Amino acid sequence: MANNAFGDKEIMTDILNSQKTITGSYNNGANEAAGAALKSEFMNILNEEHQIQHEVFLEMQKRGWYCPPQAEQQKINQTKQKFSSNQ
């Protein structure tokens, strides 16, 4: 019988991906909320979910499991120029 149990890295990756989906859903809810009270509640929840996502991200980064590459300075400069010329 094969062992199909997830390791810590796979579990944390699943949690991080879930948090990204959750924050996207609450963001859509906040964007579509017609009433101020409902929008405020969505924004509070969205902030909490972003905090959870950030904590998971930091833990994975600390363990070397999630290391997004840094942007190249040339690409940063190109993007700055692109948006500054649009103003």
Side-chain angles (χ1 to χ4, degrees):
M1 178 183 269
N3 183 358
N4 292 329
F6 289 140
D8 289 345
K9 181 179 179 182
E10 291 80 16
I11 292 169
M12 294 288 283
T13 299
D14 187 53
I15 292 169
L16 183 62
N17 289 331
S18 295
Q19 283 306 125
K20 289 177 182 181
T21 300
I22 289 167
T23 55
S25 295
Y26 279 113
N27 189 58
N28 287 337
N31 286 337
E32 299 294 324
L38 181 59
K39 182 175 186 78
S40 178
E41 190 59 30
F42 272 125
M43 294 301 291
N44 289 335
I45 296 169
L46 179 60
N47 187 48
E48 291 171 7
E49 295 299 333
H50 271 294
Q51 185 60 42
I52 293 168
Q53 184 273 331
H54 185 64
E55 290 170 10
V56 173
F57 171 85
L58 291 176
E59 184 61 31
M60 291 186 72
Q61 196 174 42
K62 181 174 84 176
R63 295 179 185 203
W65 294 343
Y66 192 79
C67 303
Q70 292 188 352
E72 298 172 15
Q73 190 61 47
Q74 180 182 3
K75 289 183 179 183
I76 293 171
N77 293 340
Q78 288 171 343
T79 302
K80 282 182 180 178
Q81 182 158 5
K82 175 184 173 184
F83 286 103
S84 66
S85 65
N86 288 339
Q87 294 178 355

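Quick caveat, the model's predicted, so the values are computed rather than measured.
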Next item on the list: Answer yes or no: is there a side-chain heavy-atom contact under 4.5 Å between Ser25 and Phe42?
Entry: no
Margin query: Just verifying a value: how many Å separate Asn47 CG and Ile52 CD1, rounded to the nearest 0.5 Å?
Written below: 10.0 Å
Check: Got a second to check how far Gln73's CD is from Gln78's CD, nearest 0.5 Å?
Finding: 10.5 Å
Note to self: Check this for me: Met43, atom CE, are more than 12 non-hydrogen atoms of other residues, nucleotides or ligands nearer than 6.0 Å?
What the structure shows: no
Notebook entry, point to check: Less than 4.5 Å apart, any side-chain heavy atom of Leu46 and any of His50?
Noted result: yes
Side-chain donor-acceptor pairs under 3.5 Å in residues 27-41, sequence neighbours left out?
residue, atom, partner, partner atom, Å
Asn31, ND2, Asn27, O, 3.4
Lys39, NZ, Ala30, O, 3.0

Next item on the list: Not counting sequence neighbours, which residues clear side-chain hydrogen bond (donor to acceptor under 3.5 Å, both in side chains) with Gln70? List them please.
Entry: none
Next item on the list: Using side chain to side chain contact (heavy atoms under 4.5 Å, CB included) as the criterion, list what pairs up with Lys80, not counting sequence neighbours.
Entry: Ile76
Margin query: Filter on side chain to side chain donor-acceptor pair (under 3.5 Å), then keep only pairs touching residues 55-69, sequence neighbours left out; what's left?
Written below: Lys20-Tyr66, Gln51-Glu55, Glu59-Lys62, Glu59-Arg63
Notebook entry, point to check: Which residues pass the side-chain hydrogen bond (donor to acceptor under 3.5 Å, both in side chains) test with Glu49, sequence neighbours left out?
Noted result: Gln19
Note to self: Rounded at 0.5 Å granularity, tell me how far CD in Glu48 sits from OG1 in Thr23.
What the structure shows: 13.0 Å
Considering only distance and modelled atom types, tabulate donor-acceptor pairs under 3.5 Å from the side chains of residues 10-17, sequence neighbours left out.
residue, atom, partner, partner atom, Å
Glu10, OE1, Gly7, N, 3.0
Thr13, OG1, Lys9, O, 2.8
Asn17, ND2, Thr13, O, 3.3

